[in-house]
There are 2 protein chains.
Amino acid sequence: MAVIDAARKILDLEGPDALTMRHVADALGIRAPSLYKHFANKMAIEAALVTGAMVEIGEATHAALHGPGPGSPVGPVGTVGTVGRVLAAYRARCLGHAAVYRLATQSSFARDLLPAGLEDWAGNPFYVATGDPSLAQAVWSFAHGMVVLELDGRFPPGSDLDATWRAGAQAFERAGTTR
Amino acid sequence: MAVIDAARKILDLEGPDALTMRHVADALGIRAPSLYKHFANKMAIEAALVTGAMVEIGEATHAALHGPGPGSPVGPVGTVGTVGRVLAAYRARCLGHAAVYRLATQSSFARDLLPAGLEDWAGNPFYVATGDPSLAQAVWSFAHGMVVLELDGRFPPGSDLDATWRAGAQAFERAGTTR
DNA sequence: CCAGTCTGGCTAACGCCGTTAGCCCCTGTC
DNA sequence: GACAGGGGCTAACGGCGTTAGCCAGACTGG
């Protein structure tokens with residue numbers, strides 16, 4: 001869909017404030033009200049954007065469950081378990097969709113416009129990787145927090161974020177086996 | 001400051017969309033432009049709001065370092081270490097400042113308007129509790145993720161979030177001792 | 001082949017937003 | 001008692017999402 005492509009490009013290249021109906025319409029060579037022939041409102045466009053990103057992220061984390069994929073870093077043999085692989089895939093894809101991810105975490109975002117079950121599906125690899133609901137949610141929270149803080153540049157400059165991801169992965173990996 | 005009090009009340013009671021200059025002014029019985037005699041712009045008001053919340057949260061987590069405080073849950077003897085106490089204090093205070101916390105995590109929030117060093121000071125208890133920079137950042141990310149997801153209602157209904165906080169605390173607690 | 005409907009544009013406008021310019025009154029001070 | 005300044009005010013600007021209402025062209029049923 002041309003509208004979504006244009007919106008995505010604006011969001012990525014010019015930031016969230018530039019994502020306005022008039023601006024999107026401009027990029028398509030039409031006027032803002034015409035957009036409402038294709039989408040009910042701005043939130044619907046945002047939801048479509050987020051849906052696309054979530055599908056890609058979900059595909060990556062699902063793939064990570066079944067072995068090292070293209071998104072996984074290569075570390076010392078045997079140090080990266082399933083949790084680590086899922087986290088690495090999650091991180092890579094989320095940072096690849098930085099602006100859209102940020103949009104989805106905005107409190108004003110209308111999560112109920114997403115396809116039913118999408119969020120559960122996307123979160124499922126965390127449950128599979130840990131085998132425990134509480135641990136899965138904890139890992140997901142860690143991952144979400146890391147991405148958000150990384151995206152917003154809230155870690156002190158010079159932080160070794162690879163090490164932080166590793167520290168988290170190891171803590172949860174151990175918790176899963178020692179449980 | 002009356003402006004901040006009014007803004008805080010509006011934000012808590014009517015939500016982030018209701019936090020407009022005209023609305024805040026209304027609550028004070030004045031007109032919107034008059035607010036600019038007290039604050040440079042809306043972002044300055046938001047920054048003041050966030051500063052207040054961060055100070056309170058920081059005080060609570062610092063206090064938690066030195067023993068069980070009023071914000072700490074009572075569990076089986078010996079199960080809650082320093083990390084657990086800091087996390088419990090963080091959670092309680094953040095949820096107590098839900099709307100402001102949400103505001104501070106908005107990507108549009110101007111973090112550079114906060115007092116210099118405030119963020120570092122507020123995050124320090126995580127470093128003290130873990131004794132390791134990477135682990136501290138991982139714990140902070142976990143905590144931040146949990147609060148955000150909890151605030152946005154993104155966990156499946158019926159989730160035992162106390163258990164999730166506990167799972168995270170234990171994983172990091174163990175990681176700290178086993179390191 | 002024509003009539004009709006539907007798709008997808010358009011302009012004008014509304015009510016909201018943050019913000020600025022410029023005015024004026026009231027209070028406190030030398 | 002002059003005067004400065006703090007803190008109100010109105011009017012207005014440009015931008016936002018969104019709606020109402022209009023109309024050209026394409027597609028389709030008779």
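Per chain, numbering begins at 1; letters A, B, ... match sequence-line order.
- Residues passing the ring pair (Phe, Tyr, Trp, His ring centres under 6.0 Å) test with H62(B), sequence neighbours excluded: W121(B).
- A sub-4.0 Å separation between OP1 or OP2 of dG6(D) and a side-chain N or O of H38(B) is absent.
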Whether each nucleotide of nucleotides 19-26 of chain D has a protein heavy atom under 4.0 Å at its base (B), only at its sugar-phosphate (S) or at neither (-) is summarised, 5' to 3', as B-------
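- Look at CG on L35(B): it is 10 Å from P on dT19(C), rounded to the nearest Å.
- Rounded to a whole Å, the CG atom of L19(A) is 8 Å from the P atom of dG17(D).
- Within residues 20-30 of chain A, the residues that have a heavy atom under 4.0 Å from DNA chain D are, in order of number, T20(A), M21(A), R22(A).
- For Y101(B), the ring pair (Phe, Tyr, Trp, His ring centres under 6.0 Å) test picks out H144(B), with sequence neighbours left out.
- Aromatic ring centres of F142(B) and W140(A): separated by at least 6.0 Å.
- Phosphate proximity of dG7(D) to S34(B): absent, as no side-chain N or O sits under 4.0 Å from OP1 or OP2.
- In this entry the distance linking CZ of R31(B) with C1' of dC16(C) reads 16 Å, nearest Å.
- At a non-hydrogen distance threshold of 4.0 Å, nothing from residues 1-18 of chain B comes into contact with DNA chain C.
- For F109(B), there are no ring pair (Phe, Tyr, Trp, His ring centres under 6.0 Å) partners, not counting sequence neighbours.
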